[in-house]
Amino acid sequence: MEKIWLKQYPAGVPAEIDVNQYPSLVALLDESFHRYADRTAYKFMGKAITFRQIDDASRAFAAWLQAQGFAKGDRVAIMMPNVPQYPVAVAAILRAGFVVVNVNPLYTPRELEHQLKDSGAKAIVIVENFAATLARVMATVPTKKVVLASMGDMLGFPKSLIVNYVVRKVKKMVPAFDIAGAVRFNDAIAAGRAKPFTSASVGPDDIAVLQYTGGTTGVSKGAVLLHRNLVANILQAEAWYQPALKKIPAGEQVVTICALPIYHIFGFNTNMMLAMRMGGANILIANPRDLPGVFKELQGERFHSFPAVNTLFNAMANHPDFSTVDWSGLVISVGGGMAVQSATAKLWLDKTGCPIVEGYGLSETSPSATCNPVDSTAYSGNIGLPMPNTELKLLDDDGNEVPMGMPGEIAIKGPQVMAGYWQRPDETAKVMMADGFFRSGDIGVVDGRGYFRIVDRKKDMILVSGFNVYPNEVEDVVTQMPGILECAAVGVADEKSGEAVKLVIVRKDPAVTEAAVRAYCQTNLTGYKRPKIVEFRNDLPKTPVGKILRRELRDKA
């Protein structure tokens with residue numbers, strides 16, 4: 001496909017950028033730590049933490065990690081919400097020459113066990129609130145070093161003591177657990193200060209992150225993101241943002257609301273890493289579901305950038321506390337992870353004067369592949385134009401390009417595309433083409449100007465508030481419940497989350513109740529994967545071969 005989209009690029013956004021400015025994320029971090037040492041890097045619960053403090057803490061933590069006897073390239077998992085310990089742990093792991101494995105802190109023991117085993121993580125940095133989950137699988141995973149963080153670790157005396165007391169004793173958010181030999185986060189850093197740190201020699205083709213994503217087989221797979229993949233996407237996003245950033249008064253630090261979870265690739269690169277590169281500050285939101293808490297955190301703050309998913313934009317714009325926050329500095333609202341709905345976009349523009357620009361990408365593309373121009377004045381309903389250095393084409397089932405105006409599977413080529421799936425050459429071969437294009441599984445169309453739009457998903461994947469839910473995984477879990485003969489999971493439209501999971505069940509035992517199914521799912525599936533609707537039937541629609549016709553169930557829904 002001819003790159004017709006380049007004619008639509010805003011003034012000042014280049015078609016090609018030098019994505020090789022840094023040999024690794026470590027080089028990018030080192031430069032920012034040095035250049036922006038005295039600037040605020042993070043604000044958390046009212047406390048400002050500088051680039052220098054992140055630099056010092058991560059260097060000490062890296063020294064401690066190196067002293068544990070791990071080899072270059074060993075995996076270290078992080079299982080935390082948005083707390084300042086997260087960027088410290090990321091910087092430490094990368095600087096020490098290891099690989100970050102991002103883990104959803106809300107995972108059930110079953111989900112956590114799979115990810116730790118699959119990644120072969122030697123160590124994990126975890127907030128104590130979720131340690132009870134880890135304790136249940138410690139005997140079966142290769143992860144033997146545990147670093148325990150507490151919510152208040154980096155808030156300084158006496159605030160850290162107060163916050164930790166409230167979290168543990170008042171709100172009772174730390175279930176009892178027992179993990180022998182676990183080391184406290186602050187103790188590891190203190191010990192690391194007395195140890196030598198050797199700057200690791202990592203290059204562009206070394207693995208930086210294993211980002212787990214659902215699999216069509218129901219098994220979560222690790223997208224292998226190299227240092228050069230993530231560096232490229234940071235620089236692509238920075239170039240794309242320029243027309244909006246020019247609206248910020250000279251000398252004002254770029255401040256971003258970080259409500260996206262950092263363990264999700266969208267939050268990891270678009271919040272944490274992009275701000276690192278630009279010397280910007282992130283206001284960390286540990287629990288975006290607590291909207292009164294979010295608004296309280298933002299009161300009195302001036303901020304410019306807010307990447308989020310549709311559900312959060314919608315919930316905030318409809319909240320009575322919305323007007324307690326000063327939105328006048330906002331110049332860029334980026335919607336991703338799921339489709340932005342036109343009603344949400346209209347309300348957001350009415351209330352803030354800053355339109356939501358929708359982007360598109362996947363864990364496999366680090367994540368950004370396309371975005372609408374950030375100087376757009378209205379919501380367009382499409383996913384925008386390919387980013388600099390990025391090509392898109394639309395394919396039929398045989399891998400041939402479809403004619404203009406016809407729907408086809410979106411295939412993406414660019415420096416941000418992953419190296420493959422961790423230890424899964426079979427799955428990698430299904431999506432990576434010989435010419436370097438990655439098959440996304442999403443069906444799109446492109447118009448005469450080069451704007452792309454998603455029309456459907458080829459896969460049966462369900463997209464709940466920006467998170468992938470694979471029906472095979474849900475079905476695999478539920479069919480292990482006694483009394484269930486078979487089941488099918490499909491996505492149904494949902495006003496709040498875009499889509500929700502509907503579970504259609506055929507029982508072996510008529511005594512199985514909806515409440516029992518929900519309780520079982522609560523134990524075995526993290527929140528967004530649990531069914532919102534449970535329906536019992538006598539049989540499921542099937543092909544002559546016996547394959548369940550999910551599409552038929554979806555159409556009826």
Side-chain angles (χ1 to χ4, degrees), residues 25 28-29 32 36 39-45 48-49 51 54 58 78 80-91 94 100 102-105 154 208-209 211 225 229-241 244-245 248 253-289 294 297-298 301-313 316 329-338 354 356-359 361-363 365-368 371 374 387 416 465-467:
L25 281 174
L28 184 151
L29 290 171
S32 292
Y36 307 118
R39 282 193 194 178
T40 294
Y42 296 95
K43 283 190 107 170
F44 181 63
M45 296 188 179
I49 296 158
F51 280 83
I54 301 287
S58 66
I78 305 177
M80 295 193 275
N82 290 0
V83 291
Q85 298 91 301
Y86 210 121
V88 168
V90 168
L94 296 174
V100 172
N102 289 313
V103 182
N104 182 342
M154 295 188 68
V209 174
Q211 189 68 36
L225 301 179
N229 298 144
L230 291 158
V231 166
N233 209 229
I234 294 161
L235 298 174
Q236 287 167 319
E238 183 187 37
W240 198 256
Y241 275 24
L245 297 176
I248 300 170
Q253 185 186 17
V254 182
V255 179
T256 303
I257 303 171
C258 185
L260 290 168
I262 300 173
Y263 64 79
H264 192 284
I265 191 64
F266 191 12
F268 187 92
N269 237 22
T270 310
N271 277 100
M272 179 173 65
M273 286 301 180
L274 182 58
M276 266 286 167
R277 155 73 185 173
M278 300 193 304
N282 270 295
I283 300 170
L284 293 174
I285 307 292
N287 179 14
R289 287 190 187 85
V294 174
E297 202 75 47
L298 298 180
E301 298 287 358
R302 180 170 168 80
F303 48 83
H304 312 94
S305 167
F306 185 24
V309 291
N310 183 82
T311 36
L312 185 57
F313 284 127
M316 288 179 74
L330 190 65
V331 296
I332 183 163
S333 305
V334 176
M338 65 183 291
C354 178
I356 296 174
V357 292
E358 189 170 358
L362 308 97
S363 296
T365 58
S366 305
S368 305
C371 195
V374 295
M387 304 284 276
Q416 72 272 50
S465 295
F467 289 95

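Here, residue 1 is the first one in the sequence, and each next residue gets the next number. Computed from a predicted structure; not experimentally measured.
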Least distance between heavy atoms, [X] atom then [Y] atom:
{"X": "V331", "Y": "I248", "answer": "CG2-CG1, 4.0 Å"}
{"X": "L260", "Y": "A308", "answer": "CD2-CA, 3.9 Å"}
{"X": "A286", "Y": "F44", "answer": "CB-CE1, 4.1 Å"}
{"X": "A244", "Y": "I332", "answer": "CB-CB, 4.1 Å"}
{"X": "P81", "Y": "P105", "answer": "N-CG, 4.0 Å"}

Passes side-chain contact (heavy atoms from CB on, under 4.5 Å), F306 versus L312? Steps please. CA-CA 11 Å; F306 185 24; L312 185 57; 3.9 Å; yes

Is a side-chain donor or acceptor of [X] paired with a backbone partner of [Y] at a separation under 3.5 angstrom?
{"X": "Q416", "Y": "S368", "value": "yes"}
{"X": "T365", "Y": "P367", "value": "yes"}
{"X": "N229", "Y": "S366", "value": "no"}
{"X": "N82", "Y": "I262", "value": "yes"}
{"X": "Q253", "Y": "T40", "value": "yes"}
{"X": "E297", "Y": "M45", "value": "yes"}
{"X": "R277", "Y": "I234", "value": "no"}
{"X": "E238", "Y": "N233", "value": "no"}
{"X": "N282", "Y": "N271", "value": "yes"}

Looking at [atom1] of [X] and [atom2] of [Y], how far apart are the two atoms once the value is rounded to the nearest 0.5 Å?
{"X": "L235", "Y": "M387", "atom1": "CG", "atom2": "CE", "answer": "10.5 Å"}
{"X": "L225", "Y": "N269", "atom1": "CG", "atom2": "CG", "answer": "8.5 Å"}
{"X": "L298", "Y": "I257", "atom1": "CG", "atom2": "CD1", "answer": "4.5 Å"}
{"X": "L245", "Y": "W240", "atom1": "CG", "atom2": "CH2", "answer": "13.5 Å"}
{"X": "I54", "Y": "Q85", "atom1": "CD1", "atom2": "CD", "answer": "9.0 Å"}

ring-ring contact (aromatic ring centres under 6.0 Å, His included) against F51, all qualifying residues, sequence neighbours excluded: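 By the ring-ring contact (aromatic ring centres under 6.0 Å, His included) rule, F51 matches Y36.
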
Is [Y] close to [X] at the side-chain level, that is, under 4.5 Å between some pair of heavy atoms?
{"X": "V255", "Y": "K43", "value": "no"}
{"X": "T270", "Y": "V334", "value": "no"}
{"X": "I78", "Y": "Y263", "value": "no"}
{"X": "L274", "Y": "Y241", "value": "yes"}
{"X": "M273", "Y": "V231", "value": "no"}
{"X": "V309", "Y": "F467", "value": "no"}

Heavy atoms of other groups near R289 CZ, more than 12 under 6.0 Å: no

side-chain contact (heavy atoms from CB on, under 4.5 Å), that's the test. Do Y86 and N102 meet it? Break it down for me. CA-CA 10 Å; Y86 210 121; N102 289 313; 2.7 Å; yes

Could you give me the CA-CA distance, side-chain angles and deciding distance for L330 and F303, then say whether side-chain contact (heavy atoms from CB on, under 4.5 Å) is met? CA-CA 6 Å; L330 190 65; F303 48 83; 4.2 Å; yes

Does the side-chain contact (heavy atoms from CB on, under 4.5 Å) test come out yes or no for I265 and L230, once each step is laid out? CA-CA 10 Å; I265 191 64; L230 291 158; 4.0 Å; yes

Taking salt bridge (Lys or Arg N to Asp or Glu O under 4.0 Å) as the cut-off, I'd like each qualifying pair that reaches into residues 261-274, sequence neighbours left out, listed once. none

